[in-house]
Amino acid sequence: MSSPPPSSAPQSIEWRVDSAPVDYPAALADMEARAAAIFEGQAGERVWLLEHPPLYTAGTSANPAELLDPRFPVHDAGRGGRYTYHGPGQRIGYLNIDLRERGKDVRNFVHHLEGWMIDALGDLGISARRAEGRIGIWTDDRQGQEAKIGALGIRVRRWVTLHGFSINVDPDLSHFGGIVPCGLAEYPVTSIAALGIKASMADLDAALKRHFPAFLSRLRRCPSGDGAGVEQCGTGR
């Protein structure tokens, strides 16, 4: 079941939340069809929040040696990145955003997508951050070790985005043991629940919705001082 777009979100962008797990191939097909329709001017942009049944996805840089135990179905994702796990208790956000009028800057989009995730987690009392040279969103676990709480993988086709992010709310963390998550064997994976934070999926969704307009506003043309074109803007967030 899907919810209507919230009144606080930009009116032209659909905000869809599915309460039942969505099969990965069906979600992928839906997302790709929506991106094509956006490019053709036949549909509006969309944020789609959902969960998947347990599965692994392989990005375009996936190394077969990092698939340690294919205990769940493995799907080619067509996005950037390596192997990742999706399953119940993990919030997935698929973004079909049209960058043609939002700067046509993929690095800018990814940077502010990370910032959006960090801001939402901050509302739940989690000090999350980027890590130099490592993709994803990081925090310190209860043992004081740096651990990954969120992942992102993006594809851009004809300047319309596909795929998006995942944030671990309360998944079975042992399921990550079948892969080397994102190729980073030396770092553990954590979740909101594993940090001892009592926050639900709905709490996270509400935080994401609060910070979405600010995220969207940062996706814009940023002329450089020498007039050379588009550059990242607002990179402090």
Side-chain angles (χ1 to χ4, degrees), residues 21-32 35 48-95 106-107 109-111 113-118 121 126 128-157 161-195 204:
V22 180
D23 286 338
Y24 188 79
L28 192 63
D30 186 293
M31 175 174 53
E32 291 183 343
W48 186 9
L49 303 182
L50 67 154
E51 296 173 76
H52 286 308
L55 58 93
Y56 299 124
T57 64
T60 53
S61 302
N63 180 349
E66 294 170 357
L67 180 60
L68 307 177
D69 175 14
R71 67 188 81 165
F72 303 121
V74 181
H75 298 273
D76 287 330
R79 51 154 177 80
R82 298 165 90 162
Y83 284 106
T84 191
Y85 165 77
H86 295 318
Q90 183 188 69
R91 175 51 85 214
I92 306 294
Y94 288 141
L95 310 180
V106 177
R107 287 192 307 163
F109 177 79
V110 171
H111 179 88
L113 173 56
E114 293 170 335
W116 181 29
M117 298 166 69
I118 290 168
L121 287 167
I126 296 169
R129 59 187 178 270
R130 302 174 181 88
E132 184 69 29
R134 282 184 267 127
I135 194 70
I137 303 301
W138 301 81
T139 190
D140 294 328
D141 66 18
R142 298 177 85 173
Q143 289 71 47
Q145 185 174 1
E146 193 170 27
K148 192 170 189 176
I149 194 169
L152 59 157
I154 299 296
R155 184 174 183 179
V156 179
R157 182 184 299 153
T161 69
L162 301 99
H163 301 279
F165 68 87
S166 62
I167 296 176
N168 299 326
V169 179
D170 190 15
D172 185 337
L173 294 179
S174 71
H175 289 178
F176 285 88
I179 57 171
V180 178
C182 302
L184 299 170
E186 63 270 39
Y187 296 97
V189 177
T190 192
S191 68
I192 293 172
L195 295 174
L204 175 62

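Keep in mind that what you see is a predicted model, and the values were worked out from it rather than measured.
- Shown here are the salt bridge (charged side-chain N to carboxylate O under 4.0 Å, His left out) partners of Glu32, two or more places apart in sequence or in another chain: Arg157.
- The one candidate from Pro88, Pro171, Pro73, Pro21 that meets the side-chain contact (heavy atoms from CB on, under 4.5 Å) condition with Pro54 is Pro88.
- With a 4.5 Å cut-off on side-chain heavy atoms, Leu113 and Thr161 do not count as touching.
- Not one N or O on the side chain of Gln90 forms a donor-acceptor pair closer than 3.5 Å with the backbone of Glu51.
- Residues His175 and Tyr85 bring a donor and an acceptor atom of their side chains to less than 3.5 Å of each other.
- The OH atom of Tyr56 sits 10.0 Å away from the OG1 atom of Thr84 when rounded to the nearest 0.5 Å.
- The distance from atom CG of Asp30 to atom CG of Leu50, rounded to the nearest 0.5 Å, is 9.5 Å.
- With a 4.5 Å cut-off on side-chain heavy atoms, Arg129 and Asp140 count as touching.
- Taking every heavy atom of both residues into account, Leu95 and Phe109 meet most closely at CD1-CZ, 3.9 Å.
- For the pair Val22/Trp48, a side-chain contact is recorded, criterion being any heavy-atom separation below 4.5 Å from C-beta on.
- The shortest heavy-atom contact between Pro64 and Tyr83 is CA-OH, 3.7 Å.
- Between the CD atom in Glu146 and the CG atom in Asp141 there is a gap of 9.5 Å [rounded to 0.5 Å].
- Rounded to the nearest 0.5 Å, atoms CD1 (Ile167) and CD1 (Ile137) are 8.0 Å apart.
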Exercise. Any chance you could lay out the side-chain contact (heavy atoms from CB on, under 4.5 Å) test for Ile149 and Ile126, step after step, and finish with the verdict?
Key: CA-CA 10 Å; Ile149 194 169; Ile126 296 169; 4.2 Å; yes
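- To the nearest 0.5 Å, the span separating CZ on Arg79 from CD1 on Ile154 amounts to 10.0 Å.
- In this structure, the side chain of Arg130 does not engage the main chain of Ile118 through any donor-acceptor pair within 3.5 Å.
- For the residue pair Asp170 and Ala193, the shortest heavy atom distance occurs at OD1-CB, 3.3 Å.
- Residues that satisfy the side-chain hydrogen bond (donor to acceptor under 3.5 Å, both in side chains) test with Asp76, not counting sequence neighbours, are absent from this structure.
- Here the closest heavy-atom approach between residue His52 and residue Asp23 is recorded as ND1-C, 4.1 Å.
- Between Lys148 and Trp138, the shortest heavy-atom contact is N-CE3, 3.6 Å.
- Under the 3.5 Å distance criterion, the side-chain polar atoms of Asn168 are matched with a main-chain donor or acceptor of Thr190.
- The two atoms that bring Leu68 and Gly177 nearest to each other are CD1-O, 3.9 Å, heavy atoms only.
- In this structure, NE2 on His86 lies 9.0 Å from CZ on Phe176, to the nearest 0.5 angstrom.
- With contacts defined as side-chain heavy-atom distances shorter than 4.5 Å, the pair His163/Leu28 qualifies.
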